[in-house]
Structures are given as structure tokens and as C-alpha cells.
Amino acid sequence: MPLVSMRQLLDEAAKGGYGVGAFNVNDMEQIQAIMMAARETRSPVIVQASRGARKFAEDLYLFRLIQAAAELNPDIPIAMHQDHGNSFETCKSAIELGYTSVMMDGSLKEDGKTPSTFEENVEITRRVVDYAHERGVTVEGEIGVLGGVEDGHGAGGSGLEHITDPDQAVEFAERTGVDALAIAIGTSHGAYKFTKKPDGSVLKMDVLIAIHKRLPHTHLVMHGSSSVPKELQDIINQYGGKLKPTWGVPVEEIQLGIRNGVRKVNVDTDNRLAITGAIRKVFAETPEKFDPRDYLKPAREAMAKVVAQRMVQFGQAGHAGDYKPIPISEIAKGYKNGQLDTRPSVAGR
Ligand SMILES: [Zn+2]
């Protein structure tokens, strides 16, 4: 199956009332782990690469791995997404490679650290939307600023500093025409999200629900949505790691989000923890081993297990065969003739 439009994948998820995990890739073992899980659970899936991943793996290696995944799994819809694009050029280069979706994170300036103004965000996102939609490519925008830093991207600080304002979210959707919108509701990137199990004082699910009510046609995206399970932290610490106690976003909260318009759920940290724990275990228990396959294989399996679990929890499991991919050229026509227009003033009329 060719790579699928993320818009189609999310529209289908909205119809089916489920969420789709977006899992980060940096290397072959990670893409294999994601596809093992997608096959096992019969799930459509979003695979995403950050700027850091594109640099680490080199664009062509990484993109060819994704193409191989699509070729080897003709019955699984896969969308390939640029995670946190920092500029028009980053998004354009991803589209030129063949990514079917890009995130223009205009909530930060091009340095990926300094919060931008609302007007700057609208302007850069609108420019990416025009370019991408003409080519049938999906666009995710971001309004509000997430906490933490990942892959050198992020404003740092707590997730509570720049919670998305629902009025601004509506104006942003209207003026940019994004397909999907990442909102800040108190989550942060990285492993250290919360210092206690999060409750309503730190995770603003009421804001999410308010935004969805006003923007029913814009797919909402939850970033920083690893659950950071204690079992995975424990394995790392049991075998010589030194993680400080930390809490992620409970799966029940993500499921509440999915019932309220969240269609894309970004998960990276949990996979990093699973991989590192599995490798540490091999190193600690069998220090005589030195063949990379002896630790990469269990690492890949540990990640596949977490991904499969999330696919079931998000509800995407079992939906791989629900639909046929619409060619990207047809999607481009849908944008052109207004069929795929999500702006609140026109969508659903
Ligand atoms: Zn993110």
C-alpha cells in the first residue's frame, strides 16, 4: 500500500470514534517494532520523524525504511508525518521526500525554543497549509505551548504556562485551515512530565472538551502523551539506571480525550524507556555478550509490546482493513474544491 494521507486516516478514526497512536522513529528497529505491533493488532498507524530523527538517521535512509514498511505491509494504512516542523523549509523538504503529513509548529519561533506571537504562528502555518494542501499533504498546527524539551525542541518549563485558549484555537483554525491541531492542556515532552499522578489541577481536560465542542471538524492532537509506566521505569532502575520518580499521562485521560475529539496521540518516551530497559537487562544479566543483535532484538520486542498495548488502548486495533487509501492526488483535489475544508465557518455546512 502506498503511504496514506494522514487526513484520511484521521477522518476514518473520527468516523470510528477511535484514536491513532503516532510513534516516533529514528532507526530500523523502531520502524520494525511499530509494524510488528500494527500487524499483530491490525491497526492503521502514524509513523513520525522529528528534525532530530531526520538528522540522526539521514533523510534518505529513514524515508526508505518507511517505504519498505509500506511495501512489506500492504494491508496496513501508514501515514508518514514530520513531527514539530520549525519552519516552512523543514515542512517543504519533508513533502519533497514523500511524507504524507507535516506538523508546522508555529507556536515557537524557528529556533524551536522561543514562544512566537499568535500572528506569527497564523502566518507561517497558513503558508505551510497552502503549500501542503496543493500537494495533498496533511497539516497539523499547534496553538498554545507544550512544556518540556525533546530532541532539542521545546520551550522548557511546565506545561501549565501556555494553556491553549479556546477562542484563539477557533480563530487559528479559521485563519489557517489546518487539518489537525495540537493543543496545550498541561502535558510536557520527555520523561519528567508530572511530579505526582496528574489530576484536574495540572491536566486541563475541560479545555480540550471546550475546544472540541467549538471545532468538531478539526482533529485534535495530544502531544507528550506517554504514560511513563512505573514498570518500565523500574526495569531501567533495576539494571543500573537512575531515573527519578515521574508520572506521565494516564491512559484513562487519553481515552477521555479520544471520546472528545483527540484523533492523534503522540507517544515517544514510553518506547524509549522500553528499549533502554531491555538493553540494560541484557547488559546486566549477560555482560559477556557483545553482538548488537543480542540486545537490539529484545529491545525491538519490548517496544513492539508497548506499541501494541497502546494501539489496543487507543482503539485503533482492528481497523486496518476498514478502508482503501485515497490517492494523494485525489486528496489534493478535495482540498482544492473545498470538500476537505475544516474551517469552522464552512465545515459541516
Ligand atoms: Zn510533540
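Whatever order the structure lists them in is the order used to number ligands and atoms, beginning at 1. Basis for what follows: all heavy atoms, side chains included, without hydrogens, waters or symmetry-related copies.
Counting only protein N, O or S atoms closer than 2.8 Å to the Zn ion (ligand 1) gives 3.
Contact check on Lys15 versus Asp322 returns no salt bridge, with no Lys/Arg side-chain nitrogen under 4.0 Å from an Asp/Glu carboxylate oxygen. Between Glu123 and Arg126 there is no salt bridge, since no side-chain nitrogen of the basic residue lies less than 4.0 Å from a carboxylate oxygen of the acidic one.
Between His189 atom NE2 and Ser50 atom OG the span is 10.0 Å, to the nearest 0.5 Å.
Under the 4.5 Å side-chain contact rule for hydrophobic residues, Ile279 and Leu243 do not share a cluster.
Aromatic rings of His212 and His219 (six-membered ring for Trp) have centroids beyond the 6.0 Å cut-off, not under it.
Judged as a ring pair (Phe, Tyr, Trp, His ring centres under 6.0 Å), the pairs with a partner in residues 12-54 (not counting sequence neighbours) are, in order, Tyr18-His319.
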